[in-house]
Amino acid sequence: MVLTKEYRICMPLTVEEYQIGQLYMIARHSHEQTDSGEGVEVVENVACEDPEYGQGQYTEKRIHLSSRLPYWIQSFIPKVFYVTEKAWNYYPFTITEYTCSFIPKFSISIKTKYENNNGSTDNCLNLDTDALNERTVEFVDIAYDEVNPKHYKEEEDVRYFQSRKTGRGPLVEGWRETVIPIMCSYKIVQVSFEVWGLQTRAEDLIQRSIREILLLGHRQAFAWIDEWYGMTLEDVRMYEEQMQRETNTKVAGNGRSDVATTKGTARRSPNEAVDAGSSSTPAAHTPTTPSTPCTPKSKSWFSWS
């Protein structure tokens with residue numbers, strides 16, 4: 001059975017503001033977390049179109065991070081290891097898939113939608129009855145959920161932070177019921193790790209890691225609001241490109257020849273959400289949206305067979 005959770009993360013922003021804040025946060029956070037030889041390599045970054053969702057952007061990336069895994073996973077994973085990320089972004093709706101270069105039966109599938117509310121929509125992602133029965137709903141509170149001490153920074157503690165530009169914050173107890181504006185990121189996350197003896201432990205670890213990343217990233221997006229608020233999409237794209245160049249330099253630090261390079265960056269769709277390290281690469285095919293996302297009956301959205 002695929003382990004399925006729905007995370008709901010509220011923010012004191014509008015959906016329109018969140019698009020800028022998210023892009024800024026991802027670019028900056030990815031740059032800060034990248035070490036020499038480990039980081040994000042972009043394989044493909046092209047426009048795509050879906051009959052239901054319209055114009056969007058497709059990206060495919062390789063995330064090199066083997067040394068950051070728990071020791072019990074590192075013990076059987078080779079050093080030449082990466083996770084492949086495939087993403088279809090039709091903001092305010094996205095689909096993201098993660099698979100592993102070494103473990104064919106590993107996959108993470110994430111389906112996301114953003115709405116201007118406090119997480120009150122019961123079935124935002126239009127799941128069928130079986131999927132609703134499989135899911136577990138968890139609210140992620142960016143102010144009062146505990147952050148791993150190694151990631152805690154006083155200036156990013158939104159219980160005390162107040163924005164100079166907007167006057168928003170600090171976030172007091174019960175803030176999700178009183179703060180205006182407010183929006184929610186609804187994320188259905190499915191994890192499958194079909195390795196005998198490790199499945200339950202690994203799937204639980206992965207879900208906990210995803211939750212921690214969501215908590216930290218969304219805290220930072222709000223705590224950094226004075227740095228990105230007022231940016232246009234064009235402004236934040238320029239910032240992404242700057243972070244991309246610096247991050248790619250870090251990733252290439254160990255001399256790997258497979259790290260993607262770019263001679264220039266093509267103009268992107270306004271709906272595109274690009275992580276730090278992105279570059280523009282001509283497409284060898286026309287990417288299509290996964291046809292049956294979030295269906296727990298199947299092994300995963302993406303088939304390795």
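Qualifying salt bridge (Lys or Arg N to Asp or Glu O under 4.0 Å) partners for Asp50, counting only residues two or more places apart in sequence or in other chains: none. Remark: Glu156 pairs with no residue by the salt bridge (Lys or Arg N to Asp or Glu O under 4.0 Å) rule, at least two apart or across chains. Partners of Lys5 under the salt bridge (Lys or Arg N to Asp or Glu O under 4.0 Å) rule, at least two apart in sequence or in another chain, are Glu138. Taking the salt bridge (Lys or Arg N to Asp or Glu O under 4.0 Å) definition, one finds that Asp145 meets it with Arg211, sequence neighbours left out. Applying the ring pair (Phe, Tyr, Trp, His ring centres under 6.0 Å) rule to Phe222 yields the partners Phe161; only residues at least two apart in sequence or on another chain are considered.
Taking the ring centroids of Tyr7 and His218, they lie at or beyond the 6.0 Å cut-off.
Within the 4.5 Å cutoff, the side chain of Tyr186 has no heavy atoms near those of the Lys111 side chain.
Residues Glu234 and Arg237 are not paired through a salt bridge, judged by the lack of any N-O separation under 4.0 Å between the basic side chain and the carboxylate. No salt bridge links Glu212 with Arg208; every basic N to acidic carboxylate O contact stays at or beyond 4.0 Å.
A single hydrophobic cluster is seen to contain both Ile142 and Ile20, as judged by linkage of ILVMFWY side chains at heavy-atom distances under 4.5 Å, directly or through other members.
In summary, of the residues considered (Tyr53, Tyr114, Trp88), a ring pair (Phe, Tyr, Trp, His ring centres under 6.0 Å) with Phe93 occurs for Tyr53 alone. Screening Asp122, Thr121, Asn126, Leu127 for a side-chain contact (heavy atoms from CB on, under 4.5 Å) involving Cys124 leaves a single residue, Thr121.
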Apply side-chain hydrogen bond (donor to acceptor under 3.5 Å, both in side chains) to residues Asn116 and Tyr18 and explain how you reach the verdict. CA-CA 10 Å; Asn116 284 312; Tyr18 178 82; over 6 Å; no
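Between the side chains of Asn89 and Thr94, no donor-acceptor pair is found at a separation under 3.5 Å.
The stretch residues 9-19 participates, sequence neighbours left out, in these salt bridge (Lys or Arg N to Asp or Glu O under 4.0 Å) pairs: Glu17-Arg168.
In this structure, Arg62 satisfies the cation-pi test against Tyr82, with its NZ or CZ atom closer than 6.0 Å to the six-membered ring centre and inside 45 degrees of the ring normal.
Taken to the nearest 0.5 Å, the CD atom of Glu97 stands 8.5 Å off from the OG atom of Ser107.
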